[in-house]
Amino acid sequence: MQCKRWNVNILLTGGNGYIGSHAAVALSQAGHEVVLFDNLCNSRADVPGRLGRIFGRAPSLVRGDVRDTDLLRKTLCQYRVDAVLHFAGLKAVGESVGMPLAYYDNNVSGALSLLRAMQQGGVRTLVFSSSATVYGEPRYLPMDEQHPTGATNPYGRSKLHVEEVLADLAASDADWRIACLRYFNPVGAHESSMIGEDPNGTPNNLMPFISQVAVGRRSQLRVFGGDYDTHDGTGVRDFIHVMDLAEGHLAALEFLGTNSGWHAFNLGAGRGSSVLELVRAFEQASGRKIPYVIVDRRPGDVASTYAKVDKARQMLGWQARRGLVDMCSSVWRWQQNEVEHKKESI
Ligand SMILES: NC(=O)c1ccc[n+]([C@@H]2O[C@H](COP(=O)([O-])OP(=O)(O)OC[C@H]3O[C@@H](n4cnc5c(N)ncnc54)[C@H](O)[C@@H]3O)[C@@H](O)[C@H]2O)c1
């Protein structure tokens with residue numbers, strides 16, 4: 001596949017979700033045709049319509065499960081797919097501890113099903129949504145791609161298993177072109193405020209929680225741990241704007257246009273920010289006070305984690321450009337827009 005010959009057809013499994021929908025914008029605006037494949041277990045049916053309002057034409061959505069190999073194979077053929085971005089998966093670390101089989105089934109069996117369909121359909125280019133969780137406890141910082149892997153929960157292990165399957169596959173057949181993108185902490189929303197992170201129920205991630213406190217849906221933020229060995233005692237993470245992350249997928253696809261084999265890249269901002277720094281940036285962006293209370297540490301959380309991003313910069317020609325205030329103001333606009341949208345539809 002040569003991505004430089006524009007109008008490549010790209011299938012986005014889980015393309016209706018948070019990161020997939022933002023990647024759809026970046027890919028479409030670069031001239032590619034995108035098709036979404038999603039079972040909507042964690043996203044809403046109106047996402048294609050919202051994407052259409054951003055880039056002029058709603059992309060096709062195939063409603064299906066990635067464990068349905070036949071449907072995937074037919075979809076690859078029907079849309080003459082050249083490359084796949086595999087976002088579909090379950091992603092809540094805590095939930096994965098209580099439901100390991102559901103996580104292995106969805107994330108590992110789902111990936112195997114996709115790979116079988118790709119093999120049968122003759123599609124050999126894949127970008128996989130991996131995670132910094134594959135590194136487990138940080139042994140040094142910043143973490144580069146050589147950092148030992150060793151996940152500490154079923155979610156992380158499901159990602160690691162799939163990465164290993166992909167490495168074996170690439171070693172078995174030189175036609176495969178595979179990039180595993182190890183995301184750090186994606187936050188933010190597209191500037192149009194048409195799409196953003198919209199979790200069902202109580203958010204697992206910090207940013208949606210902060211924004212729900214800001215609009216009054218929740219009374220206060222619970223900060224897990226105020227006694228870590230960090231500059232303000234709260235956990236330090238590598239927050240990356242979701243549109244920077246989306247552009248990282250475009251860069252990875254272009255890279256795979258001229259490089260076969262298996263490759264892993266960190267996608268992060270390359271710097272750590274504490275939970276309280278994010279809270280302050282959100283207050284600055286929104287003009288609202290975010291009440292918070294410091295509670296006990298959560299089991300399994302580490303003090304600090306952030307990425308070394310030199311490999312992506314050198315090999316993909318990509319780096320994150322947007323800062324914390326950008327991330328927060330985009331989420332604030334998106335959250336307000338959603339509140340208005342929900343009022344209108346009542
Ligand atoms: N958001 C993060 O913080 C983060 C960090 C690291 C890695 N990731 C990975 O990135 C990917 C995308 O994450 P996201 O934040 O956009 O999550 P998301 O839940 O918003 O999107 C995932 C999408 O996949 C769909 N899906 C799930 N299982 C499916 C299945 N079996 N068949 C078809 N569709 C299915 C869901 O309906 C959803 O639309 C996931 O694989 C996740 O593990 C996310």
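Ligands are counted one by one from 1 in listed order, and the atoms in each one are counted from 1 as well.
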A.B. asks: For atom 24 (O) of ligand 1, what is the nearest protein heavy atom, given as residue, atom name and distance?
C.D. replies: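 Nearest neighbour among protein heavy atoms for atom 24 (O) of ligand 1, to 0.1 Å: Gly14 CA, 3.3 Å.
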
A.B. asks: Say whether Gly17, considering both its backbone and side-chain N or O atoms, lies within less than 3.5 Å of an N or O atom on ligand 1.
C.D. replies: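 Yes, at least one N or O pair falls under 3.5 Å.
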
A.B. asks: Polar-atom distance check: His86 versus ligand 1, any N or O pair below 3.5 Å?
C.D. replies: no

A.B. asks: So, 4.0 Å and heavy atoms of Pro186: is ligand 1 close enough to count as a contact?
C.D. replies: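 Yes.
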
A.B. asks: Given the ring of Phe282, does Arg288 sit roughly above its face, with NZ or CZ under 6.0 Å from the centre of the six-membered ring and within 45° of the axis?
C.D. replies: no

A.B. asks: Can you sort out which atoms of ligand 1 are near Leu40, meaning under 4.0 Å from one of its heavy atoms?
C.D. replies: 37 (O)

A.B. asks: Does ligand 1 have an atom that lies less than 4.0 angstrom from a heavy atom of Thr13?
C.D. replies: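 No, Thr13 has no heavy atom closer than 4.0 Å to ligand 1.
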
A.B. asks: When rounded to the nearest 0.5 angstrom, what distance separates CZ in Arg57 from CD in Glu33?
C.D. replies: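 Atom-to-atom, Arg57:CZ and Glu33:CD are 4.5 Å apart.
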
A.B. asks: Quick test of your reading of the model: are Arg124 and Asp175 salt-bridged, counting only N-O distances below 4.0 Å?
C.D. replies: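 Not counted as a salt bridge, because no side-chain N and carboxylate O are separated by less than 4.0 Å.
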
A.B. asks: So is Ser21 in contact with ligand 1, going by heavy-atom distances below 4.0 Å?
C.D. replies: no

A.B. asks: Taking atom 30 (C) of ligand 1 as the point of reference, which of Thr133, Leu12, Asn39, Asn205 owns the nearest heavy atom?
C.D. replies: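 Closest candidate by heavy-atom distance is Asn39.
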
A.B. asks: Which ligand 1 atoms are under 4.0 Å away from a heavy-atom of Asn106?
C.D. replies: 28 (N), 29 (C), 30 (C), 31 (N)

A.B. asks: Please state which protein non-hydrogen atom is closest to atom 32 (N) of ligand 1 and give its distance, to 0.1 Å?
C.D. replies: Val66 N, 3.0 Å

A.B. asks: Any sub-3.5 Å donor-acceptor pair from Thr13's side-chain atoms to Ala88's backbone N or O?
C.D. replies: yes

A.B. asks: Are His22 and Phe87 close enough that their ring centers fall under 6.0 Å?
C.D. replies: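 No, the ring of His22 stays outside the 6.0 Å limit from the ring of Phe87, centre to centre.
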
A.B. asks: Within the 4.0 Å heavy-atom shell around Ser131, which atoms of ligand 1 are there?
C.D. replies: 6 (C), 7 (C)

A.B. asks: Atom 10 (O) of ligand 1: which of Tyr183, Tyr155, Phe184, Phe87 has the nearest heavy atom?
C.D. replies: Tyr183

A.B. asks: Taking only heavy atoms of Lys159 into account, list the atoms of ligand 1 that are under 4.0 Å away from them.
C.D. replies: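 Those of ligand 1 that fall under 4.0 Å from Lys159 are 40 (C), 41 (O), 42 (C), 43 (O).
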
A.B. asks: CE of Met194 to OG of Ser21: how many Å apart, nearest 0.5 Å?
C.D. replies: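 So the CE of Met194 and the OG of Ser21 are separated by 11.0 Å.
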
A.B. asks: Among all protein non-hydrogen atoms, which one is nearest to atom 19 (O) of ligand 1, and what is the separation to 0.1 Å?
C.D. replies: Asn42 ND2, 2.7 Å

A.B. asks: Run the ring-centre check on His263 versus Phe128 and record whether the distance is less than 6.0 Å.
C.D. replies: no

A.B. asks: Under 4.0 Å from a heavy atom of Gly64: which atoms of ligand 1 are those, numbered in the order shown and with their elements?
C.D. replies: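 Answer, ordered by atom number: 32 (N), 33 (C).
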
A.B. asks: Would you give the length of the straight line joining atom CZ of Arg280 to atom OG of Ser273, rounded to the nearest 0.5 angstrom?
C.D. replies: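 Nearest 0.5 Å value for the CZ-OG distance: 11.5 Å.
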
A.B. asks: Distance-only, no hydrogens or angles: does the Thr230 side chain make a donor-acceptor pair with backbone N or O of Thr234 under 3.5 Å?
C.D. replies: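 Judged by distance alone, yes, a pair lies under 3.5 Å.
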
A.B. asks: Is a side-chain donor-acceptor pair under 3.5 Å present for Glu95 with Tyr103?
C.D. replies: yes

A.B. asks: Quick test: of every protein heavy atom, which one is nearest to atom 22 (C) of ligand 1, and how far off is it to 0.1 Å?
C.D. replies: Gly89 O, 4.0 Å

A.B. asks: Would you tell me which option among Leu267, Asp38, Asp198 has the nearest heavy-atom contact to atom 36 (C) of ligand 1?
C.D. replies: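 Closest candidate by heavy-atom distance is Asp38.
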
A.B. asks: Which atoms of ligand 1 are found less than 4.0 Å from any heavy atom of Ser43?
C.D. replies: 37 (O), 38 (C), 39 (O)

A.B. asks: If you measure every N or O of Ser130 against every N or O of ligand 1, does any of those distances drop under 3.5 Å?
C.D. replies: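 The answer is no, given that Ser130 and ligand 1 share no N or O pair closer than 3.5 Å.
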
A.B. asks: Considering non-hydrogen atoms of the protein only, which is the closest contact for atom 20 (O) of ligand 1, and what is the distance?
C.D. replies: Tyr18 N, 2.9 Å

A.B. asks: Do any nitrogen or oxygen atoms of Glu197 come within less than 3.5 Å of a nitrogen or oxygen of ligand 1?
C.D. replies: no

A.B. asks: Under the 3.5 angstrom rule, does the side chain of Asn9 hit a backbone N or O of Ala83 as a donor-acceptor pair?
C.D. replies: no

A.B. asks: How far is atom 16 (O) of ligand 1 from its nearest protein heavy atom, and which residue and atom name does that atom have?
C.D. replies: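 Protein heavy atom with the smallest distance to atom 16 (O) of ligand 1: Ile19 N, 2.8 Å.
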
A.B. asks: Rounded to the nearest 0.5 Å, how far apart are CG of Asp238 and CG of Leu267?
C.D. replies: 10.0 Å

A.B. asks: Measure from atom 14 (P) of ligand 1 to every heavy atom in Lys91, Arg67, Arg182, Arg44 and give the option owning the shortest one.
C.D. replies: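 That would be Lys91.
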
A.B. asks: Quick check on contacts: which atoms of ligand 1 are under 4.0 angstrom from a heavy atom of Cys41?
C.D. replies: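 So the atoms of ligand 1 that pass are 26 (N), 27 (C), 28 (N), 36 (C), 37 (O).
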
A.B. asks: Please report the interatomic distance CZ(Arg67) to OG(Ser109), rounded to the nearest 0.5 Å.
C.D. replies: 7.5 Å

A.B. asks: Hey, what do you get for NZ (Lys91) to NZ (Lys159), rounding to the nearest 0.5 Å?
C.D. replies: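 Rounded to the nearest 0.5 Å, the NZ-NZ separation comes to 10.0 Å.
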
